[in-house]
Amino acid sequence: MDAKFLKPYNPTETEPKIYEKWVADGFFKPETCVEKGMTKADAPVFSIVQPPPNVTGTLHMGHALATTLEDIMTRYHRMKGFRTLWIPGTDHAAIATQSKVEGIIYKEEGKRRQDVGREELLKRIDAYAKQSHDAIVGQVKRLGASVNWSREAFTLDEKRNLAVRTAFKAMHDDGLIYRGYRVVNWDPKGQTTISDDEIVYTEGSGTLYTFKYSKDFPISIATTRPETKVGDTGVAVHPDDARYKQFVGKEYAIDFAGAKIKVKIVADEAVDPAFGTGAVGVTPAHSFTDWEIAQRHDLPIVPVINEYAKMSVDSPLLKDKKIADARAAVVEWLTAQGLLEKSEPIPQNIATAERTGGVVEPLPKLQWFVDVNKKLEKRGGKSLKDLMREAVSEKGIAIIPERFEKVYAHWIENLRDWCISRQIWYGHRVPVWYRSEEIFVGIEAPTGEGWKQDEDTLDTWFSSGLWTFSVLGWPEKTTDLATYHPTNVLETGYDIIFFWVARMILMSTYLLGEIPFKTAYLHGLMRNADGSKMSKSKGAIDPIEMCAKYGTDALRMSVIVGIGPGSDTKMSEDKIRAYKNFANKLWNITRFVLSSTEGEQVEKDFASYSADDAKLVGEFRAIVAEVAKEMEEFKFYLVAEKLYAYAWHEFADIILEQSKDILAKGSDADKKSRKQLLLRILADVLKLLHPFVPFVTEEIWADMPVPEKRSLIVESWPTS
RNA sequence: GCGCGCUUAGCUCAGUUGGUAGAGCAUCUCAUUGACGUUGAGAGGGUCAUAGGUUCAAGUCCUAUAGCGCGCACCA
């Protein structure tokens, strides 16, 4: 027995050595496994892509959970003999990264984006992203991820940029991407548009003001935003509303809060006669529903708020005022004029931008959109919405837990065209060029003089949507693409089911005509012990610190046991501490087994078990069979707990204890049987536990008396 | 408004097709130069949110209610 077993297991010393050896041996690379005879050349494929962490900092507990789950699946399939590929990468995360770096620059130098300039800011962001990337790579390694590093990708590298340009061009050619002047979600703080999904609603309270535009105006209207009323071009009432029928079609010119406005009264089904006065002041420039009403009735669009969330209207009372001040001014004016009839408190959701926290202002802007309803000839007359819906309902993508299939379907029903252009600098530049009246959309820049590329960049999720196949070399027709796509599993948090899962399905079904993955396993959110969302300010647990303190294996066990898919988890350091002993327990079990079986080798076809031992073997085989079933069902939390309980409370507490007696006083045949039993069960327990606690099992395996032994990572999975 | 989830031991959570309530941590008692610096044996602790229903049998299935949480929509 090696002397190392005389001391307690030391994870900090062991883990980096083991990881480096796995990398050096090339076991993370499927080709190497085939070359070395560990995997059959014609073996079935198991592929998975890492959800690329944002290069906005370092990994948090959610990443630790994801990485562990993905590594468990990967290691399990590799041991099962699959040609296994797990591709790592990082995400440039566009707005998230840019606003992070802008924040740092502002804090340190007091400079804003415009002061720094595009080129310099991009340089600074690249430097930050590089640093963050390197930190993340180190952390992913620390967590034991058996990812194929030679295939590592970045959502903003050259190859992925080609994929983005190719996708954009194809979608434009098919009429799916169009440029349009519409009301979009504008984030005044980030100075960019954002998509519907990037809005976070917070509950707040507002005031509903009821008033008339002027003394002569026949209808009272109600609004929570009086300051926008200078942009009204219509008043909408329900077509069946008897109170207002006589006024429909009439037009009024009014002096309102220092501005001259023209309002036409229209009848529209969208109006709820029971809300407020049953009459809506229509502000087409600053409301999505009003924009639509205006489209139906041909009402003019009058913007009155600018990109800085200040009044742009030509009124001495309001011009250049901030929204809140303008609101107060209008209310004051209404009161002074005797027009205000009522003001009452009302619950109101406040729309804020996910990344910057800025209050979102709907503004009309010329932007690029993805049409989700257009029927596609080359996809059998189906729209992107149809393709997305059918991929889950009919084409075989299974979402775990299943209830999210309903959430997904519901989201698709409410889906509007996707605004993909952003007014930020860090990201994939929109591949469109302009020259006076000409517009050129292409994969490469147009030839000739005077072309100027679109200043905007694309929503980060546009490039993320291509991830399952852009990492495999698309648009080139690579062997990787043919071999590993569709991927088997996509493992990610349920919080990005719309952002990412849905967009990947959209891109893959449209561009490749196939699903991006067969199963989407959605994990829950990691929360602090008190249930609050994990953030650094609230003392979130740092996974890497936990690795250093308790060992990676302990951390991995702590995020697996008892945590099913889709459910949030309250994480505490106690929980991690609770599993640190397990690795050492395995270590000590091994010490006992090896010291009691000196000179003994695992005999491949040993069949002379004593009656007692044969029974124990049978019981263990039953565990193996249960594990096999539960692994296939993605019930890793059950497997981890089961193996933990078996190793500790059955194998150590019972089998090892009774072995002391047998090995001391038993017959030679019983001793032989028991030694074979101990070695055999320990060997198989190590194999079964390897995907969960890879480091300690590999380190022990090195000293196991097993003939024709390989590294544990490429050993074959036990069969029952 | 529509939809979803959760409610089980002091805490964090399991409980697969219905078949006598489980784990880890915490608490208490005893043992322990032991393979175990990170040990073992044992104990206490639960009317499984509430009320109905189905069933020979319900933590599990159905209905309703409550509390907590979440998603989507609305938000004049």
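Keep in mind that this is a model prediction, so the values were computed, not measured. The basis for the numbers below is simple: all heavy atoms, side chains too, and nothing from hydrogens, waters or symmetry mates. Every chain is numbered from 1, with letters handed out A, B, ... down the list of sequences.
As judged by a 4.0 angstrom heavy-atom cut-off over every strand, A:D574 is placed among residues making no nucleic acid contact. Residue contacts shown for A:V282 are absent, as no nucleic acid heavy atom lies under 4.0 Å away. A:T283 comes within 4.0 angstrom of nothing in the nucleic acid, heavy atoms only. Within 4.0 Å (heavy atoms only), A:T224 reaches sugar-phosphate atoms of the nucleic acid but no base atom.
For the ring pair (Phe, Tyr, Trp, His ring centres under 6.0 Å) test, residues two or more places apart in sequence or in another chain that qualify with A:Y494 are A:F404. With sequence neighbours left out, A:E650 forms a side chain to side chain donor-acceptor pair (under 3.5 Å) with no residue at all. By the side chain to side chain donor-acceptor pair (under 3.5 Å) test, A:T277 is found to be paired with no residue, residues two or more places apart in sequence or in another chain being considered. When the side chain to side chain donor-acceptor pair (under 3.5 Å) test is applied to A:D386, the partners found at least two apart in sequence or on another chain are A:S383, A:R389. By the side chain to side chain donor-acceptor pair (under 3.5 Å) test, A:E545 pairs with no residue at all, sequence neighbours left out.
With P as the reference atom, B:G59 and B:A49 are 10 Å apart, rounded to whole Å. Remark: the separation of the C1' atoms in B:A23 and B:A14 is 7 Å, to the nearest Å. Here, B:C48 and B:G18 have their C1' atoms 15 Å apart, quoted to the whole Å. B:G44 and B:A26 have their C1' atoms separated by 13 Å, with the value rounded to a whole Å. Rounded to whole Å, the C1' atom of B:G45 lies 31 Å from the corresponding atom of B:U55. As rounded to the nearest Å, B:A43 and B:A57 have C1' atoms that lie 31 Å from one another. Comparing B:C4 with B:A9, their P atoms sit 26 Å apart, to the nearest whole Å. To the nearest whole angstrom, the two P atoms, one in B:U60 and one in B:G19, are 11 Å apart.
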Exercise. How does RNA chain B look in dot-bracket notation if pairs are Watson-Crick or G-U with both distances under 3.5 Å, crossing ones as [ ], other-strand ones as |?
Worked result: (((((((..((((.....[..)))).(((((.......))))).....(((((..]....))))))))))))....

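Within the structure, ring-ring contact (aromatic ring centres under 6.0 Å, His included) pairs that include any residue of residues 564-602 of chain A comprise A:F5-A:W587, A:Y9-A:W587, A:Y579-A:Y644, A:F582-A:Y644 (at least two apart or interchain). Sorted by first then second residue, the salt bridge (Lys or Arg N to Asp or Glu O under 4.0 Å) pairs that include residues 229-244 of chain A, not counting sequence neighbours, are A:K229-A:D232, A:D241-A:R243.
The closest side-chain heavy-atom distance from A:L686 to A:E699 is not below 4.5 Å. Counting only heavy atoms from C-beta outward, the side chains of A:D268 and A:V280 never approach each other to under 4.5 Å.
Side chains of A:W411 and A:D197: a donor-acceptor N/O pair is present below 3.5 angstrom, by distance only.
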Nucleotide N/O to protein N/O under 3.5 Å, stretch nucleotides 1-10 of chain B:
from: B:C4; atom 1: OP1; to: A:K406; atom 2: NZ; distance (Å): 3.0

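Straight-line distance from the OH atom of A:Y644 to the P atom of B:G24: 7 Å, rounded to whole Å. In this entry the distance linking CZ of A:R527 with C1' of B:C68 reads 12 Å, nearest Å. Between A:D290 atom CG and B:C74 atom P the separation is 12 Å, expressed in whole Å. Separating the CD atom of A:E413 from the P atom of B:C72 is a distance of 15 Å, rounded to the nearest angstrom.
Within residues 229-245 of chain A, no residue has a heavy atom under 4.0 Å from RNA chain B.
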Problem set entry | Working for side-chain contact (heavy atoms from CB on, under 4.5 Å), residues A:H238 and A:E269 | CA-CA 6 Å; A:H238 194 273; A:E269 298 276 350; 3.6 Å; yes

For this session: Kindly indicate, with the supporting measurements, whether the criterion side-chain contact (heavy atoms from CB on, under 4.5 Å) is fulfilled by A:W701 and A:V706.
Result: CA-CA 9 Å; A:W701 187 254; A:V706 174; 4.0 Å; yes

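Residue A:D574 comes nearest to A:R577 through the heavy atom pair OD1-NH1, 2.6 Å, listed as atom of the first residue, atom of the second, then distance.
Contact check on A:D703 versus A:R591 returns no salt bridge, with no Lys/Arg side-chain nitrogen under 4.0 Å from an Asp/Glu carboxylate oxygen.
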Exercise. What is the per-nucleotide protein-contact pattern of nucleotides 11-18 of chain B, from the 5' end, where B denotes a base atom under 4.0 Å from a protein heavy atom, S denotes such proximity for sugar-phosphate atoms only, and - denotes neither?
Worked result: -SSSSB--

Problem set entry | Protein-to-nucleotide contact annotation, 5' to 3' order, nucleotides 35-42 of chain B [B base; S sugar-phosphate only; - none; under 4.0 Å, heavy atom] | BBSBSSS-

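Heavy atoms from other residues, nucleotides or ligands lying under 6.0 Å from CD of A:E413 number more than 12. Surrounding CD of A:E598 are more than 12 heavy atoms belonging to other residues, nucleotides or ligands, all under 6.0 Å away.
When each of A:V302, A:T233, A:V183 is tested with A:P284 by the rule side-chain contact (heavy atoms from CB on, under 4.5 Å), just one qualifies, namely A:T233.
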